[in-house]
Amino acid sequence: MIRIPALRFGKPYTSLDKATLIHHATGEPVAEVSQVTGSQISRDVGTCARARKDLAAIPIKDILAIYKKAADYFLNGTLPCGDAELTFADYVRNLSATTGSPMVFCDRNARKVHYVLGNIEEVIGGLTRGLDVEALDRGYSLKNGRMQAFYPTTDVFGAVLPSNSPGVHSLWVPTLAFKIPLLLKPGREEPWTPYRVIQAFLKAGMPAHVMAFLPADHAGASDILRLCGRSMAFGDDRTMAPYKNDHRVEIHGTGYSKIILGEDEADNWEKHIDLFVEAIAANGGRACVNASAIWTPRHGDKIAKAIAERFAKMKPRAWDDPACEISGFAKPEVAEAINNLIDESLKTPGAADVTDAVRGTPRLVKEGRVAYLLPTVVRCETPEHPLANKEFLFPYASVIECPQADVLKRIGYTLAASVITNDAGFIAEAMACPTIERLNIGALPTNRLTWDQPHEGNLFTHLYKQRALQLADGHTARV
Amino acid sequence: MLPDTPGKPAPVTGATLDERIANAKKQLDAHFVEIVKWHFNPETGTPFWLEKAKTFDFNPLTDVKSFDDIKRFPIFEDEWLRGGPVRKWVPKAYANRGVYVFETGGTTGLPKSRIVIDDFKIDYEMMSDTLPDQYFPRGSNWLMLGPSGPRRLRLAIEHLAQYRGGICFSLDLDPRWVVKCIKDRKIAEANAYKEHCIDQALTILAGGHEIKCMFTTPKLLAALDEALRNGKLEDKYRSLGKAIPSGGLRSIKAVGITGIFSGGTEFTPQFTREAYEEMLDNGEVYMTPTYGNTLMGLACSKPIGPEDGFKITYYAPQPRAVAQVVNPKNYDEIVPYGGTGRVLLTTLTKEFFVPRFPERDEGEREPPYEKYPWDGVSGVRPFSEIAGSTVVGVY
């Protein structure tokens, strides 16, 4: 068993309180993770003003070079993990073991983190919309004779992280490049990626006292969101509700991502089936950018049946099988609760589980300690049905018929929408739709991300505010 | 210094630990028989128990010979304490005495009520005897950074301060409001209320009252430490036009507090270690955890420290109260030493008789030792079968 300490801005800390992580399939203990308290977090946050000044003093070119090296170490190096040393393959194996996410997904998503580390300039360029990186040293840019000045909004950025997919870690990775110290609270089952990124940074030369790895309970997470001047948090609508109006917290909650077919493309639905399946089921269907609904003016029954026929071929496979398409639930009771919720909701008239009819076997499958939920498509007669606008931790989508003229008024909050149409008027309406955050026009799945554009909030504008700055002759400035 | 309140039991004697254990058992057996006779005697007894005795298949006045006979009594149901008339709990012998009522719970529904006359004074005087004078100097003033309202703690700490010759300063703190905020997920409101409480404490500390001792809970201790580190007391001094001492006011030690008496099931070894190492200057400020509730009184801890991994072991104030660690599926079965079980409390005072009340906590059974020659309990934490339903606020 691997013993993983907390990292308190440079000081490893072995706590008397530890969380034991077990292998989702075998039940064997895999790791013991030291937990810190909210008051320790508070004490550590108090050191960050100094850490930010130290980080600000490092030239951005040096920091970018550290990122490049860290990218290499992350993917190709053997890095410390508590009292063990792990290769990338070891790391992926442990990650899969404790989260239940298949190794093939873990590997693929961990490479996204590597991509962001290795292409940090592209990512920064996307977040700052092309700001000269030297501005991060000086606090301003005079590109094309225009003054653009910024100041940091916080001495530390706190990230309260989930356990479901390592891909999300790509979102906080640029923080240090923005010269803001980083405090990470890992998801209970996923200490692996945050710890490995920190170790890669350390080996590449990043000062230890600008990064913290602080495993904690829910109360500790609340303390991070309370104490950090800026933070991000992942959680469902209920967990995140208290922070909805807190501008200091960037919420990554339920995505409710959707595919919307225009009148002109509805009859061409058959040629988009691959896209529908990918958008709903890629990566086990657990991401906020996985589609959870398809809205179409007509052919709802046919679309649902065609997707169901594809879903019916997806079977549970062992976590280390490279052909794995479905994630297991390390906590079977979670799968059971979701399954019960769907079954209860189906009792409300106006919805049918189309996959159930096509597959002919139950949605919930239990194999040993692991439970699986098989991909599911529900045909809803109206957008008001309780299953029409739901998102679950497995490949799930509703199919709803709705006239094009009404659809954008009725979809509600949508993190990622793929609007498949060539109708210029409908495209213009989609471009102006305030409830869509990420917009894809044309045949692009909702989960297809580009790294040079912000995702669900912009880390740079979260960490910096623009200000007016005038410099008298002969004056220069530094942050 | 106040004189002792009558009713304090005699200390256990004995040259060896075995002798002390045997004497403590004899003392408990005699005390148990006396208390049962008192509560079930038609002249002195408690109306509730006199009525309840009609349902017993034994006579408490003649059939109870030793503490082992406690198994003949029914498991105490705390629901009996909800609602009135509260006089049913006042022994007839005390009908003409002044009676306090203390409550527990009460966030929703009826709170549980317990009557008290002198018990809280006796309990805290016994507790006072365990406090080292070096850290809790006689005559020094106290800060009660804990709940106010119909709580036993509020009066008990004040009495403790007075008993030791000091004066106690307290604040307004309604724990029920905090629990409501947390249940409603109003985290910002709960935090604002905590800050309001800490601000009251800072105002008292800024008042020049020479406070050296404090009662607080783990959460409030951490909140006070955070406020001090962030310079909130120094800000308070500035706002009052007072000079800040040369050493600053950014730690509990720096403000002059030398001894902390603290309580609550959130007292984990990790929190204790953190407090010792990071809030109390590696033990330079003395802290003693206690475990108690309105029903039982309070149990003291063996001294804590790094030498035994900050393990916290509590000992009930026997013979006035007994804490047993039992099999949660069979309360008659005491678990072996080191074994885990539910905490079963018994209160045995002339004011209040509570046989075998299953606490909302579990822990490990600990052997007797010199100072407390009877069983103890360590690792106290919310009972795992009901832990999810418990909301812990600031207190």
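Labels below follow one simple rule: chain letters A, B, ... track the order of the sequence lines, proteins then strands, and each chain is numbered from 1.
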task: In sequence, state the C-alpha distance, the side-chain angles, and the governing distance for Ser39(A) and Lys219(B), and then conclude on side-chain contact (heavy atoms from CB on, under 4.5 Å).
output: CA-CA 9 Å; Ser39(A) 45; Lys219(B) 279 189 178 172; over 6 Å; no
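Rounding to the nearest 0.5 Å gives a distance of 4.5 Å between CZ of Arg43(A) and CD of Glu274(B). Here the CD1 atom belonging to Ile41(A) is positioned 10.5 Å from the CD atom belonging to Glu226(B), to the nearest 0.5 angstrom.
For the residue pair Ser15(A) and Arg273(B), the shortest heavy atom distance occurs at CA-NH1, 3.7 Å. The two residues Leu16(A) and Gln270(B) make their nearest non-hydrogen contact at N-OE1, 2.9 Å.
Within a 6.0 Å sphere centred on NZ of Lys18(A), other residues, nucleotides and ligands contribute more than 12 heavy atoms. Counted within 6.0 Å of NZ on Lys53(A), heavy atoms from surrounding residues, nucleotides or ligands total 12 or fewer; the atom is thus considered open.
Chain B forms the most heavy-atom pairs under 4.5 Å with one residue out of Gly38(A), Gly46(A), Ser42(A), and that residue is Ser42(A).
Heavy atoms of Arg185(B) lying under 4.5 Å from chain A belong to its backbone as well as its side chain. Heavy-atom distances place no part of Asn230(B) under 4.5 Å from chain A, backbone and side chain included.
Shown here are the side-chain hydrogen bond (donor to acceptor under 3.5 Å, both in side chains) partners of Arg250(B), two or more places apart in sequence or in another chain: Glu234(B).
Contacts from residues 211-226 of chain A to chain B, taken as heavy-atom pairs separated by less than 4.5 Å, involve Arg226(A) in sequence order.
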